[in-house]
Amino acid sequence: MARLVVNPGFVVGELDRRLFGSFVEHMGRCVYTGIYEPEHPSADQDGFRQDVLELVRELGVTAVRYPGGNFVSNYHWEDGVGPKEQRPRRLDLAWRAIEPNQFGTDEFVAWSRKAEIEPIWAVNLGTGGIRDAVNLLQYCNLPPGTALSDRRVANGSPEPHDIRIWCLGNEMDGPWQIGHKTAEEYARLAEETANAMRRVEPGLELVVCGSSNASMPTFGEWERVVLERTYDLVDHISLHAYYEPHDGDQASFLAASEEMDRMISSIVATADHVKALKRNDKQLTLSFDEWNVWYQKNFPGELGLGLREVGPLIEDTYTVDDAVVVGSLLITLLRHADRVKIACLAQLVNVIGPIRTEPGGRAWRQSIFHPFALTARFAGPTVLQTAVSGGPEIDTAAFGRVPALWSTATYDERTGELAIFVVNRSENDKIDLEIPVAGNVIRHLALYDEDRSAVNTADDPDRVQPRAVDGTEVVDGVCRATLPPASWHLIQLST
Ligand SMILES: O=[N+]([O-])c1ccc(O[C@@H]2O[C@@H](CO)[C@H](O)[C@H]2O)cc1
């Protein structure tokens, strides 16, 4: 028997809704035949697929990072604005596909308004630089009356795009990045780019690049060097992480939330170290702007891809276990809601996405869509601590002995509603859970399956979906629920 205690008095912090962000890169079929397909029967006059837009709204995504990813590090935004028939076809060096530039800055802003999401823009600090970044910023955000903003007006957008969040490059520590840099080189460029961008608009929110993943040899030290230069100039530092089972070790994979948790704690510590060195009152926050399950072992590497037209790339098909892990990673982000203010599920459509499409055909929800949509819908506004006692532990090769239960909770003072998000990370054991609470169960939804490798397909799009759990009720001030092995849960309670 495990016991989970929550109390509205023990607060982690207010939830920043931008934690439910996602990511659209010019990569594979994320843009073309994903969000944009003028020939599709559901396309609107802008060429945006309405079937995909509806799923994006249902997913509850609040913010979307664009246009990359590795793509951005050799992307010249001017290729993607103006009359479409005059835009160049260019070789994208990141993914070695021909980029037709039929979708660019103005199209993404128009799409984000329709999707009701906040755009997050990454600038090219690989082959671009300060000039490219400030020119794009002026094109987007200045009122009419300058050469750059008047170009936007001429291209059909009289009102400024008013993009508030800007990423200073992408994964600049990665040798795979076009224009990859040492920490010192990047720190100087980020510093000067931030300085110049703030001359255009002092109030922007800027995200400086952290490490590409926690296994990078410079993890931690990269952040220290970069932040020592940029601490005063930026608001957030980025984290990226992708998870997959290694050598068939599903037990460690189910506990991947442990790895994300430790990574966040390390970067918080590093940021606070620089804060101490600088005797600075400002507290830096984190932007976990790429995270997901990604079966990287199936990716042949960029040089394994022939030069080609845009086509399918890393279209992972997600299982029940993958969805449980995505749910547990969301729990980790919520547990750190005091410091993580932005997070982006990478990516949104087709490319390791919660939404899949057929060119010219159907669109459907992958398994990982469900924990994301339910968390986005029911979490907030205040994140609470959860104290778990008496639950089982599991042995993992990757993280040692860890608790099987992984949980967070949120509270809505206005309605008195409590949302508990909990995962049973054990592969083998069910857990009987008790939650002392004075109210009633509003709903208990869960994601699990006898067949943990089950997936959704175009022909069977609802094979994996949340199920309502009967029998979870409050008796004598205690809510009792049973959590099957490898399962994700939302238990909503009135108080
Ligand atoms: O671990 N790696 O070797 C590794 C390599 C590339 C990599 O790229 C990131 O993931 C890509 C797909 O979302 C984005 O374009 C990029 O930012 C992320 C991780």
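Order of appearance sets the numbers: ligands from 1, and atoms from 1 within every ligand.
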Between Tyr32 and Phe103, what is the ring plane arrangement, given parallel below 30°, perpendicular above 60°, and tilted in between? perpendicular

Whether Asp44 side chain and Gly47 backbone form a donor-acceptor pair below 3.5 Å: yes

Show me which atoms of ligand 1 lie under 4.0 Å from any heavy atom of Gly69. 14 (C), 15 (O), 17 (O)

Atom indices of ligand 1, in the order listed, that fall short of 4.0 Å to a heavy atom of Tyr242: 10 (O), 12 (C), 13 (O)

Residues Glu315, Asn350; criterion side chain to side chain donor-acceptor pair (under 3.5 Å); working and verdict: CA-CA 5 Å; Glu315 298 195 0; Asn350 291 326; 4.7 Å; no

Mind checking whether Trp222 and Tyr186 have parallel, tilted or perpendicular rings, split at 30° and 60°? parallel

Suppose we measure from atom 17 (O) of ligand 1 to each protein heavy atom; which comes out shortest, and what is that distance? Glu290 OE2, 2.7 Å

Taking atom 2 (N) of ligand 1 as the reference point, the nearest protein heavy atom with its distance: Gln296 NE2, 3.4 Å

So between Glu302, Glu171, His240, whose heavy atom ends up nearest atom 18 (C) of ligand 1? Glu171

Heavy-atom contacts under 4.0 Å between Asn170 and ligand 1: side chain, backbone, both, or neither? side chain

When only distance counts, is Trp95 in polar contact with ligand 1, meaning an N/O pair under 3.5 Å? no

For ligand 1, which atoms have a heavy atom of Phe23 less than 4.0 angstrom away? 13 (O)

Can you run down the ring pair (Phe, Tyr, Trp, His ring centres under 6.0 Å) pairs that involve residues 321-356, sequence neighbours left out, and say none if there aren't any? none

Ligand 1 to Glu25, heavy atom cutoff 4.0 Å, flagged ligand atoms 14 (C), 15 (O)

Around atom 12 (C) of ligand 1, find the nearest protein heavy atom and jot down its residue, atom name and distance. Gln347 NE2, 3.5 Å

Charged N to carboxylate O under 4.0 angstrom, Asp232 versus Lys278? no

Please list the nearest protein heavy atom to atom 16 (C) of ligand 1 with its residue and the distance rounded to 0.1 Å. Asn70 OD1, 3.2 Å

Closest non-hydrogen atom pair between Asp451 and Ser453, with its separation: OD1-OG, 2.7 Å

Quick look: Asn213 vs ligand 1, heavy-atom contacts under 4.0 Å, and the answer is side chain

Among residues at least two apart in sequence or on other chains, which ones pass side-chain contact (heavy atoms from CB on, under 4.5 Å) with Glu54? Arg57

